[in-house]
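First up is the structure itself, then whatever we jot down about it.
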Amino acid sequence: MDTTTEISESNSIAAFIAANATRLSEALNHHMRNSFQPESRKTLRKFHPAEVSELTGISMSNLRTRHQDGDFPEVETDPRGRRLYSAEEIEQIRHVMARTGRNGDAYLPGRREGDKLQIISIVNFKGGSSKTTTAIHLAQRYALRGYRVLAIDMDPQASLTTMFGYRPEIEFAESGTVYDALRYEDPAPLSQVVRKTYFHNLDLAPAGLLLSEYETETAYALQHKIDPPFTQRLAIALDEIEDRYDLVIIDCPPQLGFTTMTALLASTGLLITVVPSMLDVASMAQFLEMAGETVRTLEEATGPIDWNFLKFLVARYEPTDVPQSQMAGFLRSILLDQVLTTPMLKSTAISDAGMTQQTIYELDPGQVVKKTLDRIMESVNGVADEFEKTIQQAWGREVD
């Protein structure tokens, strides 16, 4: 049966669209059940000694010696006798090193007394710019590095939420998303929305389609002068739980509406992803122009907006693509050190892992060709580590 026949038999376009949605939802349910077990929730794999060494800065020899001396907790071993570490055990090792190692503070890189919560919005005006990919990989990398991280999904499409193993259109159809904390009528405490994830040190404030209501409700609230205004709503919601976290990573929707502006105005810094092509750079320029005008208007009404930093990330980069290399060079010549030196490479490892709602940190190294995984891991870790220096500098710390 062709599409035209299906539409005519359904009697209306609305019924046809609804039927497609049902079929697709059922197929996705089946796909996700087959993608990871147990059915209920995802779990995080364990990490090999070389990964622990890279994450913590503890040398392999020191790792072995500390185990032999009984300083570190006993951990599981594989059939070959190699140690395997859970994220919780890596955290325990960090605290041991903070107490007993040289330069102990380096093992606990999060907030110290007097440090502000760093709230970082990942933004772009255009879809397909690796915004969600960047947000989830940064959030997971920093959790593994010892930071307490809250990921907030501010996109009604809820791709970030889906990557954590949820079905937002089913599980959050009526409530349970960040919208509950932002809505104008009887908002809920953000703590009631936040969910622990399978990733140690990483919590999630999920999104769902209901979040799209925030746009129309904010327009109504502005007309009727309902307080607090959208410029303060997320910041106020975060005040309740700010002492629980070092970093907040926000995945913004790909348009400059009230939802995005709510995130930007709560932020202490921005990371703008850009694919190095003429169309994407032109789109980003348009985004920046619109954002600048909007922020200028808001500053006239509310006072200066205080961001610690604004950085650009070259994403989906293919080094062998000459036009991309030229465009990346063009961006750096214009925006200078605002552009991160390390690009996020385009990789089949990321796209293949995304098919099963995984990141490269969740993949078992045996699942992927080593050369492919090493290449993208070097890129993603390089981006995260370079950007981490920006975060540390925002806390007034010197970095190498």
Side-chain angles (χ1 to χ4, degrees), residues 116-123 132 135 139 148-162 164 166-197 202-270 291 294-295 297-299 301-303 305-307:
K116 285 198 314 182
L117 176 68
Q118 290 299 316
I119 305 165
I120 301 152
S121 282
I122 315 294
V123 293
T132 300
R148 301 168 302 161
V149 184
L150 172 63
I152 300 181
D153 194 348
M154 290 285 281
D155 188 346
Q157 294 182 68
S159 298
L160 184 71
T161 301
T162 301
F164 279 98
Y166 293 105
R167 291 298 311 282
E169 73 275 21
I170 295 172
E171 298 176 73
F172 306 125
E174 302 295 333
S175 63
T177 72
V178 69
Y179 169 75
D180 296 1
L182 295 177
R183 66 192 178 208
Y184 291 85
E185 185 177 340
D186 191 26
L190 189 56
S191 58
Q192 291 183 13
V193 170
V194 168
R195 292 174 174 245
K196 294 288 181 187
T197 74
L202 176 53
D203 295 346
L204 171 70
L209 195 57
L210 202 60
L211 181 56
S212 60
E213 297 292 323
Y214 182 71
E215 292 289 327
T216 52
E217 289 178 6
T218 298
Y220 178 88
L222 285 171
Q223 285 182 334
H224 295 81
K225 296 183 171 54
I226 299 173
D227 287 327
F230 78 96
T231 55
Q232 301 172 18
R233 297 192 78 80
L234 182 57
I236 289 170
L238 283 167
D239 282 344
E240 181 218 353
I241 57 173
E242 69 98 20
D243 60 341
R244 302 183 191 178
Y245 301 102
D246 305 310
L247 306 174
V248 176
I249 307 288
I250 305 175
D251 185 22
C252 295
Q255 63 268 335
L256 192 62
F258 291 122
T259 308
T260 297
M261 288 308 302
T262 296
L264 299 189
L265 294 168
S267 297
T268 59
L270 309 186
T294 304
V295 168
T297 301
L298 290 170
E299 284 187 320
T302 64
I305 293 167
D306 184 21
W307 289 329

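- Panel note: side chain E240, backbone S191; a donor-acceptor pair is recorded below 3.5 Å.
- Of all non-hydrogen atoms in D155 and P254, the two that sit nearest each other are OD2-CD, 3.6 Å.
- A side chain to side chain contact (heavy atoms under 4.5 Å, CB included) with Y245 is found for exactly one of D243, I241, I249, namely I241.
- Side-chain contact between T177 and D180 is present, with at least one heavy-atom pair separated by less than 4.5 Å.
- Pairing each heavy atom of A151 with each of A139, the nearest pair is CB-CB, 4.5 Å.
- Remark: T231 OG1 to E299 CD distance equals 12.0 Å, nearest 0.5 Å.
- Remark: the backbone N or O of V194 is not paired with any side-chain donor or acceptor of D203 at under 3.5 angstrom.
- Residues L209 and P168 form no side-chain contact, since every pair of their non-hydrogen atoms from C-beta on lies 4.5 Å or further apart.
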Side chain to side chain contact (heavy atoms under 4.5 Å, CB included) evaluation trace for E217 with Y179 | CA-CA 11 Å; E217 289 178 6; Y179 169 75; 2.5 Å; yes

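- Nearest heavy-atom pair across L264 and L256 is CD1-CD1, 4.3 Å.
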Assess whether side chain to side chain contact (heavy atoms under 4.5 Å, CB included) is satisfied between V295 and M261, documenting all intermediate values.
-> CA-CA 9 Å; V295 168; M261 288 308 302; 4.1 Å; yes

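- Summarising the geometry, atom CZ belonging to F164 is positioned 4.0 Å from atom CG belonging to L202; distances are rounded to the nearest 0.5 Å.
- If you run side chain to side chain contact (heavy atoms under 4.5 Å, CB included) between I119 and each of L150, V248, I152, only V248 comes through.
- Within the model, atoms CD of Q118 and CG of D246 stand 10.0 Å from one another, a figure rounded to the nearest 0.5 Å.
- Atom-to-atom distance recorded for F258:CZ and T294:OG1 is 9.5 Å, nearest 0.5 angstrom.
- Contact annotation: the side chain of L238 approaches that of L190 to within less than 4.5 Å [non-hydrogen atoms, C-beta and beyond].
- Taken to the nearest 0.5 Å, the CD1 atom of I305 stands 13.0 Å off from the OG1 atom of T268.
- Side-chain N/O atoms of S267 and S121 include a donor and acceptor closer than 3.5 Å.
- Here the shortest heavy-atom pairing between A263 and C252 reads CB-SG, 3.7 Å.
- Interatomic distance, CG of L160 versus CD1 of I250, reported as 11.0 Å (0.5 Å rounding).
- Among the candidates T218, T259, L182, the single residue satisfying the side chain to side chain contact (heavy atoms under 4.5 Å, CB included) test with F230 is T218.
- What you find for R233 and R183 is that their closest heavy atoms are NH2-O, 2.7 Å.
- Between the side chain of R244 and the backbone N or O of R148, no donor-acceptor pair lies under 3.5 Å.
- Among all heavy-atom pairs drawn from A266 and A235, the shortest one is CB-N, 3.8 Å.
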